There are 2 protein chains.
Amino acid sequence: MPSTTKGSLQKQGIRLTRQRQILLDLIDKSGQHLDAESLFQLAQEKDSKLNRVTVYRTLKLLKQEGLVDELDLMHYGGDQHYYETRMKQEHAHIICLRCGKVEEFFGEPLQKLRRQIEGDFGFQILLARTEIGGYCSHCQVLRSREVEQATVAAAKPKQRVRKAV
Amino acid sequence: MPSTTKGSLQKQGIRLTRQRQILLDLIDKSGQHLDAESLFQLAQEKDSKLNRVTVYRTLKLLKQEGLVDELDLMHYGGDQHYYETRMKQEHAHIICLRCGKVEEFFGEPLQKLRRQIEGDFGFQILLARTEIGGYCSHCQVLRSREVEQATVAAAKPKQRVRKAV
DNA sequence: GTAGGTGCAAAATCTTTGCATGCCG
DNA sequence: CGGCATGCAAAGATTTTGCACCTAC
């Protein structure tokens with residue numbers, strides 16, 4: 001997370017502690033979609049004393065300051081939240097519910113949506129999030145095979161595969 | 001939740017137990033945005049033995065069957081999830097972070113977004129969710145007053161109001 | 001009758017809080 | 001050096017699981 005971020009924190013009278021610098025750098029570099037636990041694991045490699053609680057407090061702070069966005073990626077992988085540094089450009093997250101791959105979509109419908117909502121409701125948008133779940137082109141094929149297999153198995157219960165032990 | 005829903009459950013070989021009928025009816029009638037705990041409270045009024053676990057299990061089932069959608073309303077009010085019966089028409093949820101009011105937006109940018117994503121990525125969409133947080137037109141005014149007050153208080157710390165005990 | 005569903009208790013997961021101590025500015 | 005920040009332990013909130021009993025079909 002570059003100097004601009006550190007700058008905006010300091011401007012708010014927020015202290016740049018050693019722990020925060022570590023977390024800020026990780027969130028920025030790691031690219032994308034870290035959850036609190038992963039961030040904690042990574043941070044511990046740099047400072048084994050850094051506490052999980054500090055991770056949560058820092059994420060909450062960054063969220064409040066509008067420096068990171070919170071996602072849940074359709075709860076693929078559980079109930080954690082994922083974080084990414086706020087980008088100038090709004091985008092949707094498209095997650096494959098079979099392989100977990102996340103694509104990002106930037107496109108004018110998102111801006112149009114935003115403008116219409118501001119216009120229609122006189123609403124002041126602070127946070128926006130679009131998340132879409134389904135099957136990517138690759139997994140659609142595999143998925144239909146899986147479904148077919150399951151159907152066959154159900155139709156001929158005698159041939160049902162023994163559960164793995 | 002009308003006969004159509006009960007029908008689609010039965011078609012899947014899913015039993016319509018007394019508990020499920022209660023929950024289905026509540027989700028359908030109550031209109032919108034119930035979280036598991038509220039649903040549980042309402043259900044208990046109809047059957048005091050109905051267990052919280054059954055609520056969770058039923059919601060999970062309905063989600064899997066695509067009969068309800070899960071929201072988080074930008075975590076206004078905490079980390080619970082909210083549920084609403086799946087509508088034919090996709091819509092975004094717009095939540096005021098000050099008063100908690102939820103508006104729904106139906107509009108062509110949402111359909112366009114969907115079509116573009118299907119086209120650009122060859123993605124098969126199963127779930128979609130757009131949630132937007134900010135201030136409604138009413139709260140924008142109140143909010144700016146509050147911010148001003150806070151600024152004044154910060155500038156003249158001697159006049160700071162004593163914390164409530 | 002039987003597979004699937006429920007209740008209960010207990011656990012798992014994720015996140016927050018209270019408080020004494022530490023350290024940034 | 002003052003007050004915000006951290007670590008630690010403990011609690012809180014939400015959701016899941018194991019298992020014996022129950023019931024819809």
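Throughout, protein chains are lettered first and strands after them, A, B, ... in sequence-line order, and every chain is numbered starting at 1. Source: prediction; values computed, not measured.
- Straight-line distance from the CD atom of A:Gln21 to the C1' atom of C:dC24: 11 Å, rounded to whole Å.
- Using a 3.5 Å distance cut-off with no hydrogens or angles, the side chains of B:Tyr135 and B:Arg143 do pair a donor with an acceptor.
- A:Tyr56 places its OH atom 16 Å from the P atom of D:dT6, with the value rounded to the nearest Å.
- In this structure, the CG atom of A:Asp79 is 17 Å from the P atom of C:dA12, given to the nearest Å.
- Comparing A:Gly13 and B:Gly78 against DNA chain D, the residue whose closest nucleotide sits nearer the 5' end is A:Gly13.
- Between B:Lys60 atom NZ and D:dT17 atom P there is a gap of 5 Å when expressed in whole angstrom units.
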Working for salt bridge (Lys or Arg N to Asp or Glu O under 4.0 Å), residues B:Lys63 and B:Glu65: CA-CA 5 Å; B:Lys63 223 181 352 173; B:Glu65 298 294 321; over 6 Å; no

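- For the residue pair B:Asn51 / B:Thr54, no side-chain donor-acceptor distance below 3.5 Å is found, with atom types taken as modelled.
- Note: CD1 (B:Ile22) to P (C:dG5) measures 16 Å, nearest angstrom.
- Between B:Phe106 and B:His91, the ring center distance clears the sub-6.0 Å criterion.
- Rounded to whole Å, the distance from CG on A:Asn51 to C1' on D:dA5 is 12 Å.
- At least one side-chain nitrogen or oxygen of B:Arg20 sits closer than 4.0 Å to the OP1 or OP2 atom of C:dT6.
- The base of C:dA3 sits with one of its N or O atoms less than 3.5 Å from a complementary donor or acceptor on the side chain of B:Arg15.
- For C:dT15, the OP1/OP2 oxygens have a side-chain nitrogen or oxygen of A:His81 closer than 4.0 Å.
- Under 4.0 angstrom from either OP1 or OP2 of D:dC4 there lies no side-chain N or O belonging to A:Thr17.
- The existence of a salt bridge linking B:Glu131 and B:Arg129 is confirmed by a sub-4.0 Å separation between a basic side-chain nitrogen and an acidic carboxylate oxygen.
- Going from atom CD of B:Gln12 over to atom P of D:dA24 covers 20 Å, rounded to whole Å.
- Atom CG of B:Asp47 and atom P of C:dG5 are 17 Å apart (whole Å).
- For D:dG7, the base has a donor-acceptor partner in the side chain of A:Arg57 [N/O atoms by modelled type, under 3.5 angstrom].
- Using a 4.0 Å cut-off, some side-chain N or O of A:Thr54 falls inside it from OP1 or OP2 of D:dG7.
- Using a 4.0 Å cut-off, no side-chain N or O of A:Gln19 falls inside it from OP1 or OP2 of C:dC23.
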